[in-house]
Amino acid sequence: MYDRVFNFSAGPSALPLPVLERARNEMVNFEESGMSVMELSHRSQIYNGIMERAENGLRQALNVPDDYAVLFLQGGASFQFTMLPMNLTLEGKAVDALNTGVWTQKAIAELEKIAQYRIAGSSEAEGFTRLPRPDEISFNPNASYVHIASNNTIYGTQWHRFPDTGDAPLVADMSSDILSRPIDVSDFGVIFAGAQKNIGPAGVTIVIIRKDLAGRASDNLPTMLNYRTHISKGSMFNTPPTFGIYIIALVMEWIAAEGGVSAMEKYNKTKAALLYNAIDASDFYSGPVNKADRSLMNVVFRVKSGDAELEKQFVTQAAAAGLSNLKGHRSTGGIRASIYNAQPIEGVGALVEFMQQFEQKYG
Ligand SMILES: *Cc1c(COP(=O)(O)O)cnc(C)c1O
């Protein structure tokens, strides 16, 4: 119909087709305004309506308590690696970080420049193919906060149970699994995520922050770097990424229509099981990740114990068959299938079928 492929990209990633169709239908003349969303003033009443739909949709999907602010910022998840320590560190209280791969290492590199920190647990010695075990983690009860990545996009690991950090607020980078499952927001001090994996288009960053934590920052912090600025102005201190926020509103409405995040979780579990079962059922494919820590979002596997030439063939031939972006991250090699909320089960089914055919040919 549209000649669309199944897109397994880790990010920016597939968006739900009904969202794209609706955006197309509303593109040129949004709600009889005579203009597109991109051309609306962010101060107009009509745009205000979009902002409310996005925020309320997100609040509803994740059941966000009233003492948390929901912000739509820019700079990507990476900018939060800088902004968080600038706002949340308390004098003499080091930040605790759990190191589970590239994205936490990048956050730690910023901590290095801005704050005192310590590594509370790491799985670096295992090549990040599993998460640190409880007996390998030690939290400082006086930490300013604890930094964690809920899903490790590159390695395909995911926290299925979050560690108990006691009185230290848990700050979670949920860039690659937000909205994929129900969470209890009150277990976290801050949740942040770049939009381009499971929320909407690139260019918007979601920050969900317990409001009292925003009180920690010094008044001397530059205006745009201070969460209080964005909370007091409803993410409208300056021009927000208006079109991206509009698409987020549509994605939130799509999630609600599908049955909310618990329905997403059920669907995601079914999709991931299909793929992991196919990997486990064959000697030709292998999954490097510790089974208990396997991600429901990014399924990482090797072809013939990591035969680089064969893996290249796999990626090329899959693309020719309409299965795009299956190449693993450049730092790990191998194959990675990202199956976020918007990846239909038909896409996973088509991949499993392709895997079987490929094995018959080269196994
Ligand atoms: C993609 C990703 C990021 C980086 O997001 P940007 O918006 O590009 O800065 C950070 N953390 C995780 C877990 C990611 O998957």
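Ligands are counted one by one from 1 in listed order, and the atoms in each one are counted from 1 as well. Heavy-atom basis, side chains included; hydrogens, waters and symmetry copies ignored.
Ring geometry for F188 against F162 counts as perpendicular: the plane angle is over 60°, on a 0 to 90° scale with 30° as the lower cut. Under the 30°/60° scheme for interplanar angles, the aromatic rings of F314 and F301 are found to stand perpendicular.
W159 is not listed as a side-chain neighbour of N151, based on a closest heavy-atom distance of 4.5 Å or more.
Within the structure, the closest approach of K197 to ligand 1 falls below 4.0 Å when heavy atoms are considered. Residue-ligand proximity: N151 is placed with a non-hydrogen atom under 4.0 Å from ligand 1. Under a 4.0 angstrom heavy-atom cut-off, K106 registers as lying outside contact with ligand 1.
Atoms of ligand 1 found under 4.0 Å from any heavy atom of S176 (numbered from 1 in listed order, with element): 15 (O). The ligand atoms of ligand 1 that sit less than 4.0 angstrom from a heavy atom of G76 are 7 (O), 9 (O).
Between R302 and D307 there is no salt bridge, since no side-chain nitrogen of the basic residue lies less than 4.0 Å from a carboxylate oxygen of the acidic one. At a threshold of 4.0 Å, the pair E55-R59 counts as salt-bridged, since one of the basic side-chain nitrogens sits closer than that to a carboxylate oxygen. Salt bridge D96/R118: present, at least one basic N to carboxylate O contact under 4.0 Å.
Applying the salt bridge (Lys or Arg N to Asp or Glu O under 4.0 Å) criterion to R130, with sequence neighbours excluded, gives E126, E136.
The single protein non-hydrogen atom nearest to atom 8 (O) of ligand 1 is Q196 NE2, 3.4 Å, given as residue, atom name and distance. For atom 11 (N) of ligand 1, the closest non-hydrogen atom of the protein is D173 OD2, 2.6 Å. Here the heavy atom of the protein found nearest to atom 15 (O) of ligand 1 is T153 OG1, 2.5 Å. The single protein non-hydrogen atom nearest to atom 9 (O) of ligand 1 is S78 OG, 2.6 Å, given as residue, atom name and distance. The protein non-hydrogen atom at the shortest distance from atom 5 (O) of ligand 1 is A77 CB, 3.5 Å.
Residue contacts with ligand 1 for S175 involve side-chain atoms from C-beta outward but no N, CA, C or O (heavy atoms, distance under 4.0 Å).
Between the R216 side chain and the S144 main chain, a donor and an acceptor come within less than 3.5 Å of each other.
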